[in-house]
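Down below is the structure, laid out as structure tokens.
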Amino acid sequence: MDKRTAENRVKELHKLLNQYNYEYHVLDNPSVPDAEYDRLMRELIELEEKYPELKTPDSPSQRVGGAVLDAFRKVAHRVPMLSLANAFNEQDLRDFDRRVRQAVGDVEYVVELKIDGLAVSLRYENGLFVQGSTRGDGTTGEDITENLKTIRSIPLRLKKNLSMEVRGEAFMPKASFEKLNEERIAKGEVPFANPRNAAAGSLRQLDPKIAAKRNLDIFVYNIAELGDTGVSSHSEALDLLDELGFKTNRERRKCKNIDEVIELLDQLLEKRSQLPYDIDGVVIKVDSLRQQEALGATAKSPRWAIAYKFPAEEVVT
Ligand SMILES: NC(=O)c1cc2c(N)ncc(C(N)=O)c2s1
């Protein structure tokens, strides 16, 4: 095969492997058997070995690529990663709602599950995943790009060539957590206390090959920085994230007012134990981006969102 043909075939393999990876890890609905995916990956790796100049950082073959680091570089967040104020009962929620409506009038809310993982930021330039970082102190985080590239539900290339920054929660599914702890106990190692610590410990590994084995996943939940795409609400932003190939959490609901939010809480609490991942509550956000803008943020957290915390889950020993 001459170089020109190889170049075209590599482009085609990128498209196929990215699409099949998206179907498997984001839609949980593969259209080809694993053997077909593996065959195409082997063909890509062979072509990249034969023509090293065709091996690019965004290649599907480079998900578990990075060398072992001796430390993580610091990353200054262009948009600070704020934390959320907490509500513990219905009165706290009604106080939040009253403050919001006093400032901007009637609002609609979006309710989402609060994933118990590690907040991360993902930056894309012209559609390519270029940097991923931890929250850190909200202003400065750690560059964990190589470890985040091992999370298969993070697209290496978006379905549109946009430059943007998105936020999400990296987490370890409950089943992966149980399996990892069995292995650690079998090896005489200290087991992780909970999936959140296991996810944090995995993403702080200096060797990406270890992170790659930890079966981490992510739900993306916010667009932090984006040119004008015409989305005017948070729910539209979540739909855009779906269109771009991100994994968002399907358990989201739009509510006309705080009464509808409160009605929802018991149902979501009911679901908690059946979910394949840990949650520690729900996040309630004003849906209109214009109203979010008008409400603004304190130094610590946005005035247009609040976390409603569920009681700590009793651990079944
Ligand atoms: N600290 C934060 O702003 C957030 C933290 C989280 C979290 N742990 N899980 C879900 C969401 C969400 N769906 O918005 C947010 S937002």
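Since the structure is predicted, the reported quantities are computational estimates derived from the model, not experimental observations. Both ligands and their constituent atoms are indexed starting at 1 by order of listing.
The aromatic ring centres of Y124 and F246 sit less than 6.0 Å apart.
Sorted by first then second residue, the ring pair (Phe, Tyr, Trp, His ring centres under 6.0 Å) pairs that include residues 142-162, not counting sequence neighbours, number zero. Note on residues 65-89: no pairs pass ring pair (Phe, Tyr, Trp, His ring centres under 6.0 Å), not counting sequence neighbours.
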Enumerate, one pair per line, all nitrogen or oxygen atoms of ligand 1 lying under 3.5 Å from a protein nitrogen or oxygen, stating the separation to 0.1 Å; write 'none' if no such pair exists.
| from | atom 1 | to | atom 2 | distance (Å) |
| --- | --- | --- | --- | --- |
| ligand 1 | 1 (N) | L82 | O | 3.4 |
| ligand 1 | 8 (N) | I115 | O | 2.9 |
| ligand 1 | 8 (N) | E169 | OE1 | 3.2 |
| ligand 1 | 8 (N) | E169 | OE2 | 3.4 |
| ligand 1 | 9 (N) | I115 | N | 3.0 |
| ligand 1 | 13 (N) | E112 | OE1 | 2.9 |
| ligand 1 | 14 (O) | K285 | NZ | 2.7 |

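Remark: side-chain polar atoms of T134 are paired, donor with acceptor, to backbone N or O of E142 under 3.5 angstrom.
With sequence neighbours left out, V104 forms a side chain to side chain contact (heavy atoms under 4.5 Å, CB included) with V100, V107, Q291, A294, L295.
A salt bridge (Lys or Arg N to Asp or Glu O under 4.0 Å) with E108 holds for exactly one of R101, R253, K256; it is K256.
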